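I have placed the structure first, in the form of structure tokens, so that the comments after it can refer back to it.
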Number of protein chains: 2
Amino acid sequence: MGKCDQCIVREFSALKALNKDELVKLADCKTSYTVKKGDIIFEEGDTLDGIFCIKDGVCKLTKLSSNGKDQIVKLVTKGELLGQRSLISEEPANLGAVALEDMQVCFVPKSQVMEFFNVNNKFSLNMMKNVCHDLKEADNVLVNLAQKSVKERLAATLLYLHDAFGINEDESLKIQLSRDEISSIIGTATESCIRLLSDFNKNGWIELNGKKIILKDKKELRKLAE
Amino acid sequence: MGKCDQCIVREFSALKALNKDELVKLADCKTSYTVKKGDIIFEEGDTLDGIFCIKDGVCKLTKLSSNGKDQIVKLVTKGELLGQRSLISEEPANLGAVALEDMQVCFVPKSQVMEFFNVNNKFSLNMMKNVCHDLKEADNVLVNLAQKSVKERLAATLLYLHDAFGINEDESLKIQLSRDEISSIIGTATESCIRLLSDFNKNGWIELNGKKIILKDKKELRKLAE
DNA sequence: TTTAAAATATGATATTTGTCATCCTTTAGT
DNA sequence: ACTAAAGGATGACAAATATCATATTTTAAA
């Protein structure tokens with residue numbers, strides 16, 4: 001089993017507040033495992049008895065709407081934690097988590113998280129700040145969904161994917177999403193999304209090559225996204 | 001100056017965790033004041049050096065979109081706190097707060113809130129739970145904005161206003177919003193909102209009388225809102 | 001490798017929603 | 001009470017977006 005004190009991604013989450021002793025405890029109780037692309041980490045409504053620390057890979061947090069379509073609420077990547085809200089609220093998960101790539105994940109049982117809560121104030125504060133940050137982001141996404149057109153949201157989303165996940169040597173976006181998934185982020189019909197991507201392509205703002213997307217004119221995209 | 005230990009609304013917020021001594025401290029440092037309908041409590045981008053406890057009245061939390069329109073992100077009413085996220089994140093306010101009715105508000109300086117944070121674990125946990133609840137709600141609103149039609153959102157909003165703020169003796173919704181404000185909740189053009197309200201009226205689902213709105217067929221509205 | 005299924009693409013069309021113009025009604029200030 | 005300004009209502013039309021059909025390409029399984 002890996003030692004948590006040598007895990008780099010710890011530095012990016014609330015866990016960075018833990019001291020050496022606490023890290024040993026963490027390493028003792030955690031379960032480390034791999035998740036294949038497409039696998040479900042947890043489902044909406046599941047009772048979580050712990051949190052997940054993402055060591056590598058990206059997953060989507062989704063919620064099923066009453067119209068039968070899934071909405072992607074957030075993408076979560078290495079260094080971030082999953083399931084904190086559910087744990088703190090003592091409620092079932094409000095969102096489901098599905099791997100977008102092969103992932104490495106550690107599961108930390110609730111009892112241990114709660115102990116850290118009680119003995120390490122910095123840890124609590126970090127966790128609280130994370131939730132606050134998520135809230136701010138959710139509010140911002142909410143406003144964009146309410147006030148911006150699909151075209152604007154697509155441009156904004158492409159830029160977000162670029163900035164948050166980076167690009168390959170060939171300049172294509174590192175994170176590969178299906179058209180359906182992109183639609184599910186911007187909240188539109190798949191066909192509308194495909195059509196707009198084609199338009200962006202024809203206008204020279206992006207370049208499409210199968211699932212690969214290259215942002216050719218970020219300035220124009222930024223203007224569009226406002 | 002009012003004594004906080006006799007304030008009923010305290011029971012509805014994180015402040016319920018405070019003990020007698022802490023309540024005396026709170027009463028000593030707080031500022032109590034009234035806010036007139038339409039008045040700004042704080043603006044987006046303001047640096048808040050404290051939190052607001054709503055003793056009476058309702059306000060809206062809004063964010064200005066780049067298209068120049070305001071989006072109402074949340075309605076906040078008596079017993080709830082304002083500015084917690086900003087305080088915890090140590091960031092300027094992400095949303096602005098404007099009174100929808102005459103209000104009574106208490107301001108509690110940051111230093112005092114932070115002291116409670118350090119000495120009263122229950123208080124911190126309550127606050128954390130509040131933020132988590134807000135996050136869950138924001139995610140749910142986000143999904144509805146992305147996946148539901150304007151008609152569905154209007155029906156859902158009317159039911160929400162009914163359930164959250166209650167009705168008068170004449171059965172009309174207690175909270176009075178302008179058509180513009182309702183539009184700003186559901187994220188649509190004012191004219192579209194007015195038109196749909198007229199439709200709902202003609203269908204007998206609601207009854208319009210000036211600013212008064214009576215829900216006549218909640219079952220049908222619920223079916224619409226899904 | 002072959003083949004079925006899934007994903008992507010595109011046209012045609014319907015529906016939803018926004019915009020602009022105009023008129024009516026209510027509200028607030030003198 | 002009068003009047004200007006704001007809010008509300010409605011028609012006509014334009015634009016955005018969804019839906020349905022179908023063709024093509026890619027992917028994954030036998």
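Since we're looking at a predicted model, the values are computed, not measured. Chain A is the first sequence line, chain B the second, and so forth, proteins listed ahead of strands; every chain is numbered from 1.
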Legend entry - Test log, rule side chain to side chain contact (heavy atoms under 4.5 Å, CB included), inputs A:Ser66 and B:Lys148: CA-CA 8 Å; A:Ser66 49; B:Lys148 291 191 177 169; 3.2 Å; yes
Legend entry - A:Lys63 side chain to A:Asn94 side chain, donor-acceptor N/O pair below 3.5 angstrom: yes
Inset, instruction - Check the pair A:Lys136, B:Glu91 against salt bridge (charged side-chain N to carboxylate O under 4.0 Å, His left out), reporting the backbone distance first and the verdict last. - result: CA-CA 10 Å; A:Lys136 181 182 171 185; B:Glu91 289 174 351; 3.1 Å; yes
Legend entry - N/O (side chain, A:Ser198) to phosphate O (OP1/OP2, C:dT10) under 4.0 Å: yes
Legend entry - A:Ser172 (side chain) donor-acceptor with A:Asn168 (main chain) under 3.5 angstrom: no
Please find the pair of heavy atoms, one from [X] and one from [Y], that lie closest to each other, and give the distance.
X: B:Lys55; Y: B:Cys106; value: CD-SG, 4.4 Å
X: B:Ala155; Y: B:Leu221; value: CB-O, 3.7 Å
X: A:Val76; Y: A:Leu81; value: CG1-O, 4.4 Å

Inset, instruction - With axes from five pairs an end, tell me the bend angle of the helix from C:dT1-D:dA30 to C:dT30-D:dA1, nearest 10°. - result: 50°
Protein-nucleotides 17-24 of chain C N/O pairs under 3.5 Å:
unit_1	atom_1	unit_2	atom_2	d
C:dT17	OP1	B:Val150	N	2.9
C:dG18	OP2	B:Thr188	OG1	2.3
C:dG18	OP2	B:Ala189	N	3.2
C:dG18	OP2	B:Ser192	OG	2.9
C:dT19	O4	B:Arg195	NH2	3.0
C:dC20	N4	B:Glu191	OE2	3.4

Legend entry - Inter- and intrachain pairs under salt bridge (charged side-chain N to carboxylate O under 4.0 Å, His left out), touching residues 200-225 of chain A, at least two apart: A:Asp170-A:Lys212, A:Glu207-A:Lys216, A:Glu220-A:Lys223
Legend entry - Counterpart residues, salt bridge (Lys or Arg N to Asp or Glu O under 4.0 Å), relative to B:Lys129 (two or more places apart):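 Applying salt bridge (Lys or Arg N to Asp or Glu O under 4.0 Å) to B:Lys129 gives A:Glu90.
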Inset, instruction - Provide, to the nearest angstrom, the distance between the CG atom belonging to A:Asp180 and the P atom belonging to C:dA9. - result: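 Computing the A:Asp180:CG to C:dA9:P distance gives 13 Å.
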Legend entry - Contact list for DNA chain D against residues 199-226 of chain B - heavy-atom distance below 4.0 Å: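 B:Lys211 - these, ordered by number, are the residues of the stretch whose heavy atoms sit under 4.0 Å from the strand.
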Inset, instruction - Report the distance from atom NZ of B:Lys110 to atom CD1 of B:Ile88, rounding to the nearest 0.5 Å. - result: 10.5 Å
Legend entry - First-last contacting nucleotides on DNA chain D - partner chain B, under 4.0 angstrom, heavy atom: D:dG7 to D:dA12
Inset, instruction - Check the surroundings of atom NZ in B:Lys74: do more than 12 heavy atoms from other residues, nucleotides or ligands lie under 6.0 Å from it? - result: yes
Inset, instruction - Start with the C-alpha gap between B:Asp139 and A:Asp134, add the side-chain angles, then the distance that decides, and say whether side chain to side chain contact (heavy atoms under 4.5 Å, CB included) holds. - result: CA-CA 10 Å; B:Asp139 284 345; A:Asp134 286 349; over 6 Å; no
Inset, instruction - Please lay out, stage by stage, how B:Leu145 and A:Leu142 fare under the test side chain to side chain contact (heavy atoms under 4.5 Å, CB included). - result: CA-CA 7 Å; B:Leu145 283 167; A:Leu142 183 160; 3.7 Å; yes
